[in-house]
Engineer: 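Take a look at this one; I'll ask things after.
Just so you know, these numbers come straight off a predicted model, no measurement behind them. Every heavy atom of this structure was used, including side-chain atoms; hydrogens, water molecules and symmetry mates were not. We name chains A, B, ... by the order of the sequence lines, and we start the count at 1 in each one.
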2 protein chains.
Amino acid sequence: MTQASARRPRADAQRNRERVLEAAEHLFAAMGLAAQTDDVAREAGVGVGTVYRHFPTKRLLVEAVIARRTESLLAAARAAIHDPDPGEAFRRTFTRGAELLGRNRAIAEDVAGGMNLPALPPGIKQALFAALSELATRAQSAGQLRADVCPADVVMLVSCVAHSVELAHRFDPGLRRRFVALVLDGLRPDVATPLPGHRLDLDDLHRLAARRGGH
Amino acid sequence: MTQASARRPRADAQRNRERVLEAAEHLFAAMGLAAQTDDVAREAGVGVGTVYRHFPTKRLLVEAVIARRTESLLAAARAAIHDPDPGEAFRRTFTRGAELLGRNRAIAEDVAGGMNLPALPPGIKQALFAALSELATRAQSAGQLRADVCPADVVMLVSCVAHSVELAHRFDPGLRRRFVALVLDGLRPDVATPLPGHRLDLDDLHRLAARRGGH
DNA sequence: TGACAAACGGAGTCGCGGCTCCGTATGCTT
DNA sequence: AAGCATACGGAGCCGCGACTCCGTTTGTCA
């Protein structure tokens, strides 16, 4: 068997890794994915080489940042599943997610542009979407969410909220909140002009993504 | 005064310009703005140099294509202003616009990512947004559209529809239609949880865009 | 039909941004 | 304190895609 792991990393390495993550969080939140690795390095007071040693790819750095910023939302979403008022639980979680997106441009861009499903092993994004779907289904059973939306619609709406974050950034911060309010109104069970087309769940979404991705 | 214009351009030049436009329309519709100028040239059976002689910039080529594909929608939008049923006129025009976006990936990307307001002299995009705002206002006066949405919201919704086109392309064509239906439901006057924040009209939007653009 | 302006083609340039390489510095262990 | 693995820095590389330049071709007009 191969000589396994890992004595504890050197102190400066650990410190620098933390600095890089913090710099990346700031820059990505403020400038989105357009922030360059060199900028992150400068902000962290570190050379580019160091950034790439800790995060061999820009994508990996981005995902590390997203993971850190998303954990508590995932916890909240999972807790909300047992809320006695499923409609409210869904709306609260949806809104809270929107606010996270509003606070971090890079996460918004990532969710808007990709929601690219083959993410990290832990798969926080998938977990979040799964929890949100669960919340939606419960709200539907309670008659507090229109019955004809499906998990794929919810994912799409989240992606559109992420898109509205970019617009809000470019024009007016208020736009995002107004959009979320409009969407939630459109999701009420009483309006409900039946939606065209067919329902898709998260698995269908994965399958379709894989097919198109494979070209 | 300077020697003014323009004897008629050479026959091959005219022919090539047309070929380039047509190739660009096909490629941009199918692959979005990711289609490269070299591809357009190849598809047109022409050298890159020729493309750049007729359209000195990729952006100018894109805008020429958009202008061609958008004219008839603008005419329809303007005609709809005099429709006796303003609610229906708004919804029909909104839907028709969404379908145009669904048919042309590049236009969708352009509307989603930029809706960058300083466009060509004719300013087709502005004209379209103006007409759509007018339609919305009339629908509101007739009590067929919630009173608290404003022109900026409508522009944002269009941009989000454009975004949903990308998702539809990547996952399932049905997603766009479902999104449009959801949004139109959210715009009905009877639901109307009041929207947060303040109203913005198109001029505000221009002003804000200019301020941010100037950094 | 000759001559010349107009147009063509496409190899090459250029800027950008992600990433690598390697000579130097530094923390840890003995 | 010496030695070595680990980590650092940042100049430079490389691929990509928009755009240019110039030698060649072609339409037009006298």
Engineer: Please tabulate, for side-chain N and O atoms in residues 177-186 of chain A, each donor-acceptor pair with protein atoms closer than 3.5 Å (sequence neighbours left out).
Structural biologist:
| residue | atom | partner | partner atom | Å |
| --- | --- | --- | --- | --- |
| Arg178(A) | NE | Asp153(B) | OD1 | 2.9 |
| Arg178(A) | NE | Asp153(B) | OD2 | 3.1 |
| Arg178(A) | NH1 | Pro196(B) | O | 3.0 |
| Arg178(A) | NH2 | Asp148(B) | O | 3.0 |
| Arg178(A) | NH2 | Asp153(B) | OD2 | 2.7 |
| Asp185(A) | OD1 | Thr193(B) | OG1 | 2.6 |
| Asp185(A) | OD2 | Arg146(B) | NH1 | 2.8 |
| Asp185(A) | OD2 | Arg146(B) | NH2 | 3.2 |
| Asp185(A) | OD2 | Ala192(B) | N | 3.4 |
| Asp185(A) | OD2 | Thr193(B) | N | 3.0 |

Engineer: Indicate for each nucleotide in nucleotides 19-26 of chain D, in 5' to 3' sequence, whether protein heavy atoms under 4.0 Å reach the base (B), only the sugar-phosphate (S), or nothing (-).
Structural biologist: BB-----B
Engineer: Would you say Thr50(A) places a side-chain N or O within less than 4.0 Å of OP1 or OP2 belonging to dG9(D)?
Structural biologist: yes
Engineer: Once you round it to whole Å, what is the distance between P of dC16(D) and CG of Asp39(B)?
Structural biologist: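 From Asp39(B) CG to dC16(D) P: 13 Å.
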Engineer: Scan the side chains in residues 65-80 of chain B for donor-acceptor partners under 3.5 Å anywhere in the protein, sequence neighbours excluded, and list what turns up.
Structural biologist:
| residue | atom | partner | partner atom | Å |
| --- | --- | --- | --- | --- |
| Arg68(B) | NE | Glu25(B) | OE2 | 2.9 |
| Arg68(B) | NH1 | Glu18(B) | OE2 | 3.2 |
| Arg68(B) | NH2 | Glu18(B) | OE2 | 3.3 |
| Arg68(B) | NH2 | Glu25(B) | OE2 | 3.3 |
| Arg69(B) | NE | Glu25(B) | OE1 | 2.9 |
| Arg69(B) | NH2 | Glu25(B) | OE1 | 2.5 |
| Thr70(B) | OG1 | Ile66(B) | O | 2.6 |

Engineer: Round to a whole Å and report the spacing from CZ of Phe55(B) to P of dA18(D).
Structural biologist: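 My rounded result for the distance is 16 Å.
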Engineer: I'd like to know if Arg15(B) pairs up with Asp12(B) as an ion pair, taking the criterion as any Lys NZ or Arg NE/NH1/NH2 lying under 4.0 Å from an Asp or Glu carboxylate oxygen.
Structural biologist: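 Not counted as a salt bridge, because no side-chain N and carboxylate O are separated by less than 4.0 Å.
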Engineer: dA7(D) P sits how many Å from Glu18(A) CD, rounded?
Structural biologist: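 Answer to the nearest Å: 16 Å.
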Engineer: Taking all non-hydrogen atoms of both residues, which atom of Leu101(A) and which atom of Val165(A) are closest, and how far apart?
Structural biologist: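 Smallest heavy-atom distance, with atoms named: O-CG1, 3.6 Å.
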Engineer: Does a side-chain N-to-carboxylate-O contact under 4.0 Å join Asp110(B) and Arg105(B)?
Structural biologist: no
Engineer: Scan residues 30-41 of chain B for pairs that pass salt bridge (Lys or Arg N to Asp or Glu O under 4.0 Å), counting only residues two or more places apart or in two chains.
Structural biologist: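 Output for this query lists Asp39(B)-Arg42(B).
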Engineer: How would you give the extent of chain B contacts on DNA chain C, as first and last nucleotide 5' to 3' within a 4.0 Å heavy-atom cut-off?
Structural biologist: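 Counting from the 5' end, contacts occupy dA5(C) to dA11(C).
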Engineer: Without decimals, in angstroms, what is the distance between Leu33(B) CG and dA18(D) P?
Structural biologist: 10 Å
Engineer: Sequence neighbours left out, what passes salt bridge (Lys or Arg N to Asp or Glu O under 4.0 Å) with Glu22(B)? Give chain and number order.
Structural biologist: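 For Glu22(B), no residue satisfies salt bridge (Lys or Arg N to Asp or Glu O under 4.0 Å) once neighbours in sequence are set aside.
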Engineer: For Leu167(B) and Ser159(A), work out which heavy atoms get closest and say how close.
Structural biologist: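 For Leu167(B) and Ser159(A), the tightest heavy-atom pair comes out as CD1-OG, 3.4 Å.
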Engineer: Does Ala11(A) or Gly45(B) map to a spot on DNA chain C nearer the 5' end, using the closest nucleotide for each?
Structural biologist: Gly45(B)
